[in-house]
Protein chains: 2
Amino acid sequence: MLDELDDSTTVADSALARLTQVILDGELKPGAKVSEPELARRFGISRAPLREAIRRLEERSVLTRAPRLGARVVVLSPAKVEQIFIVREAVEGMIAREAATRITDSEIAQLRENLARQKARSEEIGFSTFLTRELDSDFHTFIARCSRNEFLIKFLCEDYATLIGLCRKHLRQVPERAYRAFVEHGRIVDALADRDADMAELAMRRHIQASRQMMVASVQESGGEGVRHRRRLPK
Amino acid sequence: MLDELDDSTTVADSALARLTQVILDGELKPGAKVSEPELARRFGISRAPLREAIRRLEERSVLTRAPRLGARVVVLSPAKVEQIFIVREAVEGMIAREAATRITDSEIAQLRENLARQKARSEEIGFSTFLTRELDSDFHTFIARCSRNEFLIKFLCEDYATLIGLCRKHLRQVPERAYRAFVEHGRIVDALADRDADMAELAMRRHIQASRQMMVASVQESGGEGVRHRRRLPK
DNA sequence: AATAGAAAAAGTGTCGACAAAAAATCTGCG
DNA sequence: CGCAGATTTTTTGTCGACACTTTTTCTATT
């Protein structure tokens, strides 16, 4: 095109990144139609690379597709959010277990630093959690990398990252929960520091269970089950 | 086109199925280049739908891609096989846990039927395992469906199915292992029948751990770490 | 006026084409 | 005879076009 330097990154790859951002920003809301011509125009690209990005997000369960009806942003009903957290519990539990035997002292120090930032930020803004979301996300992905397992890492940091990001938006976190999460994070780090694999897995699973319960209680019946690829969405 | 009736299934979807089969059949061996023009010719389709299929297999970690060098079939080094089994242990353990509280009596009966077939087949052909592979795969996917969790099901039956199929080829199973697997399957079904979630998860995890250890011992150093997107593969 | 049917518009799935990059081949020099 | 550089060929990434399906709009009838 006529823009800056691409430097060996393809249009399809950047389309994936941009489309992901559009969805996480809420510009394309759950249930919204993903129009190929419209997005292609908006991104200034043709439909071919855009379709590749759509296929990949479909593979990640972020988009749902029906053969001739196009793609839509997934609607996360409370039931689905709960199911996603079950998967997270399994995978992140194993991540903590594997990390416990492989984490370095330096990495543990970095985790404690992250904890300190969480605490400072929380006390500063009274455990309101708009900005601690990023720190929380960092905390979990950092531990994933300590597992030294490329498939566990890919799962949490790529495959499920967008879906988890969508789940997070459902959660109007209460300060109380933020504090509990902070305490739970501390327990996880302690277990990792002890290289106690069993305890690390258990602490991580309990942490995600607690998040799930809070999420379910919070969501209640905000997001309906519906939007099953109807013909057109009402404006 | 000019062939029979497509009936709402797209060329891209069937391309995904065919390409998956070609890889599982071993026609495209690990490390082999996935040539778009060649496969498009072979399948009698254009490159556009083929590329969508390739992107999806890439998302499933079956293919690896470098921006302008094309895609290659993933090379499963012993280390990678071990990592994949770690993921399986986490996910299938949770599958067993969730299934324990949701499985019906009818489904338990079906599982016992599968076990009977496994036993019959094994005694018939002396626990040689060429044909029991399918029964084993059925066993695991059936339990996945009993979890009633669409994300767990999708993970095992779609996302990781091809990768697990590739792992299986590494394992030159010994009759002894087949018998042990049969016993372990029985323990899993017993735990499910008792609706004992803890036991079901533990039994499944031990089963997959045993498979992993057998696999690692079997593979040894058969598949090298190499083939890191070199320019061309020697014929 | 409301509904059913027909016509028009828009969207998806697929194809062929082209530019740029990579791989293979050819060529000349040591 | 081997190797470095240049040339040809192949392949990838992207685009525009077209057919067929779905959706919307228009029209006519009860």
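Quick note on labels: first sequence line is chain A, next is B, and so on, each numbered from 1.
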Qualifying residue, where the test is salt bridge (Lys or Arg N to Asp or Glu O under 4.0 Å) with A/R60 and the options are B/E158, B/E59, B/E58: B/E59
Salt bridge flag under 4.0 Å for residues B/K154 and B/E150: no
Strand contacts (DNA chain D) in residues 45-55 of chain B, 4.0 angstrom heavy-atom criterion: B/R47, B/R51, B/R55
d(CZ, B/R65; P, C/dA21) in whole Å: 16 Å
Nucleotide D/dT12, atom C1' - distance to CD of B/E58 in whole Å: 13 Å
Candidate nucleotides C/dG13, C/dT12, C/dA22, ranked by approach to the side chain of B/R68 - the nearest: C/dA22
Below 4.0 Å: OP1/OP2 of D/dT10 and any side-chain N or O of B/R41: no
Integer-rounded Å distance: C/dG11 P and A/L39 CG: 11 Å
Short side-chain N/O contact from A/K33 to OP1 or OP2 of C/dT12, under 4.0 Å: yes
Gap between atoms CD and P, on B/E36 and C/dA23 respectively (whole Å): 14 Å
Axial cation check for B/F142 ring with B/R145, 6.0 Å and 45° limits: no
Salt-bridge present (A/R18, A/D13; N to O < 4.0 Å): no
Pair B/H185-B/N114, side-chain donor/acceptor within less than 3.5 Å: no
Mutual orientation of the aromatic rings belonging to B/F155 and A/F155 [parallel < 30°, tilted 30-60°, perpendicular > 60°]: perpendicular
